[in-house]
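Report on the structure given below.
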Amino acid sequence: MHIMEGYLPTFWCLAWFAVSIPMILYGIYKMNKLVNEKREILPLLAVAGAFIFVLSSLKLPSVNGSCSHPTGTGIAAIIFGPAISAVLGTIVLIYQALFLAHGGLTTLGANVFSMGIIGPVVAYLIYKAGMKANLNFYLVVFLATAFGDWATYVTTSVQLALAYPAGNVLTFAGFMSMFGKFAGIFAFTQVPIAIMEGAVSALLFKYVVNVKSDILIEMKVLEDAVVRKLRGISA
């Protein structure tokens, strides 16, 4: 979904920076507070960032000026929340724009908004709602990461349709026409990719529950009773 360098008009470049920066600043505050309270969490933050980098680098050609790939932000959103995920996503996107020509600096605000903010927010909300509804933990992880991924691509479709509406004048009909085209093209690749990302994320959490469940309890991702139930341990 990374929109490439120079693809968006200046107005939209600035607009997406303007809406993304407050969340990034709040995320930096939350991350500093977390690290000051729990220095031992630094390796997990690094692993979450590396996971986002690796998955979001697996790009396939897609809509003009963009691409399809997993996002990897859902896991970070579940463990750290959407604000810290926005910081991790921003770091990854800057690195990819500077060293891999994936995305761009002028489109950084738009890419951060779709992949670093909206995707994690949706994943986090679905995770919280699913756990509150007492659904199976691994099913909730699958749904949260898959829908977070799809939300990222819906947002990218909105960004592209706003910048390039049908008829080159921004009207509701022109926007919807291009949104349908962009989202439809993304769907061919992103529906199966998000399902695979959801399955991989659920398997990853299953591994963590079995070998390092204490970190999930410490981060308040799961309660001890839920971990014991998932591991088949009697109370």
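Throughout, residue positions are numbered sequentially from 1 according to the sequence presented.
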request  = Could you tell me whether the side chain of Arg231 reaches within less than 4.5 Å of the side chain of Asn210, counting heavy atoms only?
outcome  = yes
query = If you take all heavy atoms of Val154 and Phe179, which pair is closest and at what distance?
reply = O-CE1, 3.6 Å
query = Under 30°, 30 to 60°, or over 60°: which ring-plane class applies to His102 and His2, parallel, tilted or perpendicular?
reply = parallel
key: Atom pair CD1/OG1 of Ile78 and Thr145 - distance to nearest 0.5 Å   = 6.0 Å
task = Might you point out which heavy atoms bring Ser157 and Phe182 nearest each other, and give the distance in Å?
result = OG-C, 3.8 Å
ask   = Does atom CZ of Phe17 have more than 12 heavy-atom neighbours from other groups under 6.0 Å away?
value = yes
message = Within the structure provided, determine whether Thr71 and Ser56 are in side-chain contact (heavy-atom separation under 4.5 Å).
response = no
request  = Would you kindly confirm whether Val200 and Val140 end up in one hydrophobic cluster when ILVMFWY residues are joined by side chain heavy atoms under 4.5 Å apart?
outcome  = no
request  = Could I get the full list of side chain to side chain donor-acceptor pair (under 3.5 Å) partners for Ser57, not counting sequence neighbours?
outcome  = Gln96
key: Chi angles and distances behind the side-chain contact (heavy atoms from CB on, under 4.5 Å) call for Ser68, Phe188   = CA-CA 10 Å; Ser68 281; Phe188 280 107; over 6 Å; no
query = Hey, are Ser114 and Thr155 close enough side-chain-wise for a donor-acceptor pair under 3.5 Å?
reply = no
ask   = Which residues pass the ring pair (Phe, Tyr, Trp, His ring centres under 6.0 Å) test with Tyr95, sequence neighbours left out?
value = Phe53, Phe99
ask   = Would a 4.5 Å heavy-atom cut-off, applied to side chains only, mark Phe113 and Met23 as touching?
value = no
ask   = Roughly how far, to the nearest 0.5 Å, is the CE atom of Met131 from the CG atom of Asn136?
value = 8.5 Å
request  = Take Tyr127 and Phe137, measure what side-chain contact (heavy atoms from CB on, under 4.5 Å) needs, and give me the verdict at the end.
outcome  = CA-CA 9 Å; Tyr127 174 74; Phe137 171 67; 3.6 Å; yes
message = Do Ile79 and Tyr26 sit in one hydrophobic cluster, given that two such residues count as connected whenever their side-chain heavy atoms are within less than 4.5 Å of each other, even indirectly?
response = no
ask   = How about Lys33: does its NZ atom have over 12 heavy atoms from other parts shown lying under 6.0 Å from it?
value = no
inquiry  = Quick check: Trp150 with Phe147 (ring centres under 6.0 Å apart)?
reply    = yes
task = Please round to the nearest 0.5 Å and tell me the distance separating atom CG of Leu93 and atom CG of Leu108.
result = 6.0 Å
ask   = Counting only heavy atoms not in Glu218, do more than 12 fall under 6.0 Å of its CD?
value = yes
ask   = Could you walk me through whether Val226 and Glu223 pass the side-chain contact (heavy atoms from CB on, under 4.5 Å) check?
value = CA-CA 5 Å; Val226 177; Glu223 296 178 354; 4.3 Å; yes
Joint cluster assignment, Val169 & Met176, ILVMFWY side-chain distance < 4.5 Å = no
query = Can you hop from Val208 to Leu203 via hydrophobic side chains spaced under 4.5 Å?
reply = no
key: Within one Ile-Leu-Val-Met-Phe-Trp-Tyr cluster: Leu125 and Ile75, side-chain cutoff 4.5 Å   = yes
ask   = Any side-chain heavy atom of Leu170 within less than 4.5 Å of one from Leu162?
value = yes
key: Smallest separation among heavy atoms of Gly27 and Val87, with atom names   = C-CG2, 3.3 Å
ask   = Are any of the side-chain heavy atoms of Val209 and Leu222 separated by less than 4.5 Å?
value = yes
query = Looking only at heavy atoms, what is the nearest atom pair of Ser213 and Val227, with distance?
reply = CB-CG1, 3.5 Å
inquiry  = Can you tell me if Tyr124 has over 12 outside heavy atoms packed within less than 6.0 Å of its OH?
reply    = no
query = Taking Thr107 for the side chain and Gly103 for the main chain, is one N or O donor matched with an acceptor at less than 3.5 Å?
reply = no
inquiry  = So Thr156 and Met115, do their side chains get closer than 4.5 Å, heavy atoms only?
reply    = no
message = Please report the interatomic distance CD1(Ile215) to CD1(Ile41), rounded to the nearest 0.5 Å.
response = 3.5 Å
key: Atom pair CG/OG1 of Asn111 and Thr152 - distance to nearest 0.5 Å   = 10.5 Å
request  = For this output row, return yes or no: ring centroids of Tyr138 and Phe205 closer than 6.0 angstrom.
outcome  = no
message = Can a donor-acceptor pair be found, under 3.5 Å and without considering hydrogens, that links the side chain of Gln159 to the backbone of Ala110?
response = yes
request  = Tell me, with the steps shown, if Val141 and Leu204 meet side-chain contact (heavy atoms from CB on, under 4.5 Å).
outcome  = CA-CA 10 Å; Val141 169; Leu204 183 61; over 6 Å; no
task = Using atom types as modelled and distance alone, determine if a side-chain donor or acceptor of Ser177 lies under 3.5 Å from a backbone N or O of Ala173.
result = no
key: Nearest heavy atoms of Cys13 and Leu8, plus distance in Å   = SG-O, 3.5 Å
Flag side-chain contact, heavy atom, 4.5 Å: Leu55 against Phe51 = yes
ask   = Got Ser201 and Phe142 here, is their nearest side-chain heavy-atom distance under 4.5 Å?
value = no
task = Tell me, yes or no, whether the heavy-atom count around Asn36 atom CG, taken from other residues, nucleotides or ligands under 6.0 Å, exceeds 12.
result = yes
Closest contact, heavy atoms only, Ala77 versus Pro120 = CB-O, 3.5 Å
ask   = Could you state the interatomic distance from CD1 (Ile193) to CG (Leu58), rounded to the nearest 0.5 Å?
value = 9.0 Å
